[in-house]
Amino acid sequence: LNFGERSWLAEVRSGQARDILPKLIEEVGERAAGLTFMDHRGTRFHDELHLFERLGLPAGSMDTICDNVLHPGAPVFLWEEARPSSNDGDGRCVGRSATVWSLPEFMAGGEGEIEDWMAFERYAPRPG
């Protein structure tokens, strides 16, 4: 952002969501997150998206990008978010679905490439 002279557009926060998000809600208020990028052990993506929702952080159309969806994997996130007719657990349609791309893992090294997945989702509030 600084290099592109666009630091006024966004702010980057690094750290674990469980530590950063409660502080973020105090600083910027509800419905302030327009983009979230998660790049770590994918087994926590669904928990972190739920934490965003509980805190009221997502803007009306927050974009969510998740890396490492295949390795080490994010099976619960994909089950909840990548199905076209996802529901909230009570059978109600969520109205959103993730798109998943297959990409070579650039840090794999060696001769063969390791396939990994990246997921994109445009947030829509869960019915309730």
Side-chain angles (χ1 to χ4, degrees):
L1 291 172
N2 288 339
F3 184 71
E5 298 180 4
R6 297 294 183 255
S7 60
W8 55 272
L9 286 173
E11 188 170 324
V12 175
R13 301 285 178 108
S14 63
Q16 293 189 10
R18 66 177 181 231
D19 299 327
I20 298 293
L21 295 182
K23 295 175 187 174
L24 190 61
I25 192 74
E26 291 176 13
E27 293 176 22
V28 299
E30 292 185 348
R31 313 277 180 258
L35 171 72
T36 181
F37 177 75
M38 295 186 256
D39 181 16
H40 51 69
R41 194 176 77 222
T43 55
R44 297 191 317 250
F45 291 156
H46 66 286
D47 288 333
E48 293 177 355
L49 186 57
H50 292 169
L51 181 57
F52 263 92
E53 292 174 313
R54 281 194 307 274
L55 294 172
L57 274 166
S61 60
M62 177 181 77
D63 291 334
T64 301
I65 302 170
C66 301
D67 196 7
N68 304 317
V69 176
L70 181 60
H71 295 288
V76 177
F77 173 82
L78 289 174
W79 180 254
E80 290 182 355
E81 307 298 333
R83 296 176 296 141
S85 60
S86 297
N87 67 60
D88 65 359
D90 293 326
R92 295 178 296 204
C93 183
V94 173
R96 61 186 185 205
S97 63
T99 301
V100 180
W101 291 286
S102 173
L103 303 167
E105 183 63 50
F106 73 95
M107 296 287 291
E111 292 180 27
E113 292 181 347
I114 296 175
E115 178 186 17
D116 201 354
W117 295 351
M118 184 173 277
F120 169 83
E121 174 179 68
R122 169 103 353 115
Y123 178 80
R126 295 181 193 274

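- Rounded to the nearest 0.5 Å, atoms OG (Ser61) and CZ (Arg31) are 12.0 Å apart.
- Side-chain atoms of Thr99 and Glu121, non-hydrogen and from C-beta on, never get closer than 4.5 Å to each other.
- Considering only heavy atoms from C-beta on, Ile65 comes within 4.5 Å of Met118 through its side chain.
- Crowding of Trp101 atom CH2: a count of heavy atoms from other residues, nucleotides or ligands under 6.0 Å exceeding 12.
- Contact annotation: the side chain of Lys23 never approaches that of Ile25 to less than 4.5 Å [non-hydrogen atoms, C-beta and beyond].
- Among pairs with a residue in residues 56-66, those fulfilling salt bridge (charged side-chain N to carboxylate O under 4.0 Å, His left out) read Asp63-Arg122, at least two apart in sequence or across chains.
- Side-chain contact between Leu78 and Trp117 is present, with heavy atoms from C-beta onward closer than 4.5 Å.
- In this structure, the side chains of Glu81 and His46 stay at 4.5 Å or more apart for every pair of heavy atoms.
- Summarising the geometry of Gly29 relative to Ala32, their closest heavy-atom pair is O-CB, 3.6 Å, with the distance given to 0.1 Å.
- Glu48 CD to Arg18 CZ: the interatomic distance, rounded to the nearest 0.5 Å, is 8.5 Å.
- Between Glu80 and His50, the closest side-chain pair of non-hydrogen atoms falls below 4.5 Å.
- The distance from the CG atom of Leu70 to the CD1 atom of Ile114 is 10.0 Å, given to the nearest 0.5 Å.
- Applying the side-chain contact (heavy atoms from CB on, under 4.5 Å) rule to Leu24 yields the partners Arg13, Leu21, Val28, Leu57; only residues at least two apart in sequence or on another chain are considered.
- Linking Ile, Leu, Val, Met, Phe, Trp and Tyr whenever their side-chain heavy atoms come within less than 4.5 Å leaves Phe120 and Met38 in two separate clusters.
- Shortest non-hydrogen contact noted between Gly73 and Pro75 is C-CD, 3.5 Å.
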Please report the C-alpha distance between Phe77 and Leu49 in whole Å, then the side-chain angles of each, then the deciding distance to 0.1 Å, and finally whether the side-chain contact (heavy atoms from CB on, under 4.5 Å) criterion is met.
CA-CA 9 Å; Phe77 173 82; Leu49 186 57; 4.2 Å; yes
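- Ala59 and Gly34 make their closest contact through CB-CA, 4.3 Å (heavy atoms, listed as atom of the first residue, atom of the second, distance).
- At a threshold of 4.5 Å between non-hydrogen side-chain atoms, the residues Phe52 and Tyr123 do not count as touching.
- At a threshold of 4.5 Å between non-hydrogen side-chain atoms, the residues Asn68 and Asp116 count as touching.
- In terms of heavy atoms, Pro22 sits closest to Ala17 at CD-O, 3.9 Å.
- Using modelled atom types, one finds a donor on one side chain and an acceptor on the other under 3.5 Å when comparing Glu115 with Ser102.
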